[in-house]
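First comes the structure, then the notes that go with it.
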Amino acid sequence: MHRLPPFLTALLAVSLAGCASTSSSPASRTNAPHVDVPAVAHPQGETPQWWYRNGAAKAASNGAMQGRAKNVIVFLGDGMSLTTVAAARIFEGQRKGTPGEENLLSWERFPHTAFSKTYNTNSQTPDSAGTMTAVATGVKSHMGAIGVSAGHKGECTPDGSKDLLSWLTLADSAGLSTGIVTTARITHATPAATYAHVSHRDWENDTDLPPEAIAAGCKDIAQQLLAAARFGKGPTVALGGGRGEFLPVDVRDPEEDDKVGQRLDGRNLIAEWQQAHPQGAYVTNTQQLEAAADAPQLLGLFEYDHMQFEHDRRKDAQGEPSLADLTRVAIRTLSRNREGFVLLVEGARIDHANHYGNAYRALDETVAMSDAVQAAVDATSRDDTLILVTADHSHTLNFVGYPVRGNPILGKVRGQGGEDDTPGDLARDQTGMTFTTLTYANGPGYTGASNRQPAGPKHFLHAPSSVEPSEGRPDLSHVDTEHPDYLQEALVPLKSESHGGEDVGIWAIGPGSGAVRGTVEQNTIYHFIVQAAPALRARLCAAGTCDANGVPVELPKPRDFEKK
């Protein structure tokens with residue numbers, strides 16, 4: 001009798017373990033495997049190993065092991081708070097000519113939902129690096145951490161002792177195709193957490209590293225994108241912005257002649273990628289992306305910095321593709337692998353618009369991500385593809401004031417100023433001034449005079465370095481608050497609006513999605529993914545990280561998943 005290789009034996013074992021059901025019905029969840037998690041003192045007892053096992057236990061008890069997903073797509077709306085979702089739902093509906101409240105964004109039709117607790121190990125209100133590290137690796141970490149366990153921002157551990165394995169590099173090691181799509185720089189916090197390992201999110205290219213970090217052997221994020229091929233082939237698809245991080249200072253940007261690359265090490269990482277992928281396509285605009293339909297690998301860097309907001313992007317052949325376009329192209333390319341694929345799609349600029357205090361662009365970006373999610377649903381099968389939609393953290397956007405049904409979501413409150421008022425004209429505050437439905441708790445929309453704009457309503461883009469106290473609220477009666485450049489009023493003056501600390505949503509459809517329910521720690525999302533995908537479970541089990549029930553419970557070491 002021929003003996004199966006260890007990897008195939010592990011795959012068969014986890015496949016049989018998940019064969020009882022492809023859904024998570026109440027009856028089947030009673031047979032979910034139990035994982036013991038030691039009680040620890042918080043926060044000092046929260047080791048990386050504890051976080052990993054704790055997340056594994058929650059996902060397993062929810063029935064994630066019964067998933068049979070061949071493909072996994074994770075949509076991450078950066079900064080997409082529940083308030084942003086609710087306002088964007090109405091915004092989209094009103095664009096369609098309806099009152100708006102009855103509308104649903106594409107993922108709001110998914111059958112399974114949960115809440116995600118977003119705090120970092122050292123902060124109640126988190127940042128995108130620590131939160132995406134939790135989503136990508138199954139371990140919570142500190143603010144600014146990219147693919148490493150909790151420590152100190154700026155510390156250097158080139159020996160890999162703090163490195164964490166992401167589900168993207170795990171999938172590459174297991175023979176699946178992998179993809180990254182973002183409207184930010186590809187080296188930005190969210191996409192970087194799927195392939196890089198640095199304690200400081202700002203180390204995007206070599207010029208960003210302090211001399212002591214370089215001397216210690218730390219590597220910047222951009223070069224780690226190419227180095228990720230040590231797990232398999234590296235990302236098959238990488239689409240986003242950030243050309244400047246990949247080019248040396250003696251090379252001019254191909255689209256912005258007044259700019260040159262940022263690298264001082266002399267490396268042209270784009271040329272290196274092309275040399276490593278001679279059949280692949282490097283593209284910088286929509287026309288080139290469409291022409292590369294048959295390319296086996298894709299690298300698309302559509303901007304020197306972040307990609308443009310949906311409202312501002314050039315939409316012709318020489319411009320930038322939409323997030324939905326990028327999603328369709330990524331799925332088409334990745335689907336050629338019969339073993340399956342994993343894909344991250346980030347709607348990054350929801351976060352940036354909220355930081356700018358500009359609700360119009362935040363909602364417009366959220367609708368663009370809804371279109372991308374729908375494109376993914378249309379291009380895949382519910383039978384073999386798990387789609388998860390979530391956010392990394394919240395923002396301070398408020399939705400208030402008793403406006404009448406169908407009132408423009410970006411407009412001034414009309415009809416009712418309080419619970420006992422009758423519908424009528426514009427509602428007014430106690431000083432007699434009108435006010436809008438959407439406001440921010442803090443940010444650049446503060447109405448006092450700044451070194452950039454005079455006292456009164458502010459407009460996009462406003463990033464002041466100094467602000468004077470406001471003398472009451474401005475009169476908005478004749479201000480177009482629905483204009484795309486209007487900045488909603490902010491209570492506390494800040495140069496950039498801050499994140500919020502409340503829970504965000506998780507929406508899921510496809511194999512294993514029934515496990516997505518309740519309120520979970522953010523790192524549990526990783527365990528939903530790896531437990532619901534037999535190929536990922538098998539690769540982890542082959543490395544000896546699984547318990548007797550085939551549940552991956554031991555923290556994997558990235559070096560064990562590199563090509564031998």
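All residue numbers refer to positions in the sequence shown, counting from 1. Computation of the quantities below employed the complete heavy-atom set of this structure, encompassing side-chain atoms and omitting hydrogens, waters and symmetry-equivalent molecules. Only a predicted model underlies this, so the values are computations on that prediction, with no experimental measurement involved.
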Counting distance only, does the side-chain N/O of Thr169 pair as donor-acceptor with the main-chain N or O of Ser166 below 3.5 Å?
-> yes
For Thr236 and Gln297, does a side-chain donor sit closer than 3.5 Å to a side-chain acceptor?
-> no
No-hydrogen, no-angle side-chain donor-acceptor test under 3.5 Å, Thr436 and Thr481 | no
Do you see a donor-acceptor pair shorter than 3.5 Å between the side chains of His459 and Gln453?
-> yes
Nearest heavy-atom neighbours spanning Leu386 and Ala532 = CD2-CB, 3.9 Å
Using a cut-off of 6.0 Å, state whether more than 12 heavy atoms not belonging to Arg452 lie near its atom CZ.
-> no
Exercise: identify the closest heavy-atom pair between Glu365 and Ile350 | CB-CG1, 3.6 Å
Are any side-chain N or O atoms of Thr182 and backbone N or O atoms of Pro191, one a donor and one an acceptor, separated by less than 3.5 Å?
-> no
Distance-only check: which donor-acceptor pairs under 3.5 Å involve side-chain atoms of residues 71-85, not counting sequence neighbours?
from: Asn71; atom 1: OD1; to: Phe341; atom 2: N; distance (Å): 3.1
from: Asn71; atom 1: ND2; to: Thr385; atom 2: OG1; distance (Å): 3.1
from: Asp78; atom 1: OD1; to: Ser128; atom 2: OG; distance (Å): 3.1
from: Asp78; atom 1: OD1; to: His393; atom 2: NE2; distance (Å): 3.2
from: Asp78; atom 1: OD2; to: Ser128; atom 2: OG; distance (Å): 3.3
from: Asp78; atom 1: OD2; to: Thr190; atom 2: OG1; distance (Å): 3.1
from: Ser81; atom 1: OG; to: Thr84; atom 2: N; distance (Å): 3.0
from: Ser81; atom 1: OG; to: Thr84; atom 2: OG1; distance (Å): 2.7

Salt-bridge contact Arg243-Glu255 (side-chain N to carboxylate O under 4.0 Å) = yes
Where does the angle between the aromatic ring planes of His352 and His306 fall among parallel (under 30°), tilted (30 to 60°) and perpendicular (over 60°)?
-> tilted
Roughly how far, to the nearest 0.5 Å, is CD of Glu92 from OG1 of Thr98?
-> 9.0 Å
Heavy-atom nearest pair, Ile387 first then Phe110, reads CG2-CE2, 3.9 Å
Taking the side chain from Thr183 and the backbone from Ala348, do they hold a donor-acceptor pair closer than 3.5 Å?
-> yes
CG of Leu388 to CD1 of Ile509: how many Å apart, nearest 0.5 Å?
-> 11.0 Å
Interatomic spacing from CG in Asp325 to CG in Leu239 - rounded to 0.5 Å = 11.0 Å
Not counting sequence neighbours, which residues clear side-chain contact (heavy atoms from CB on, under 4.5 Å) with Asp364? List them please.
-> Phe91, Arg95, Glu310, His311, Tyr360
Hey, does the side chain of Lys458 reach the backbone of Gly456 with a donor-acceptor pair shorter than 3.5 angstrom?
-> yes
Within 6.0 Å of OH in Tyr282, more than 12 heavy atoms from elsewhere | yes
Does Ser141 reach the main-chain N or O of Gly130 with its side chain, forming a donor-acceptor pair under 3.5 Å?
-> no
Is any side-chain N of the basic residue among Asp220 and Arg263 closer than 4.0 Å to the acidic one's carboxylate O?
-> yes
Is the Trp107 ring parallel, tilted or perpendicular to the Trp507 ring (thresholds 30°, 60°)?
-> tilted
So, the side chain of Gln522 versus the backbone of Asp503: is there a donor-acceptor pair under 3.5 Å, distance only?
-> no
Using modelled atom types only, decide if a donor and an acceptor are shared between the side chain of His483 and the backbone of Asp485 within a distance under 3.5 Å.
-> yes
Between Glu497 and Thr396, is there a donor-acceptor pair closer than 3.5 Å when you use the side chain of the first and the backbone of the second?
-> yes
Look at Arg314 together with Glu320 and state whether they make a salt bridge at an N to O cut-off of under 4.0 Å.
-> no
May I ask you to decide if Leu323's main-chain N or O and Asp371's side chain share a donor-acceptor pair within less than 3.5 Å?
-> no
Lys233 and Asp172 ion-paired at < 4.0 Å = no
Is the centre of the His499 ring less than 6.0 Å from the centre of the His355 ring?
-> yes
Between Gln224 and Lys219, is there a donor-acceptor pair closer than 3.5 Å when you use the side chain of the first and the backbone of the second?
-> yes
CG on Leu301 to CD1 on Ile186, rounded to 0.5 Å = 5.0 Å
Partner residues of Asp305 under the side-chain contact (heavy atoms from CB on, under 4.5 Å) criterion, sequence neighbours left out = Arg185
Looking only at heavy atoms, what is the nearest atom pair of Leu363 and Ala88, with distance?
-> CD2-N, 3.7 Å
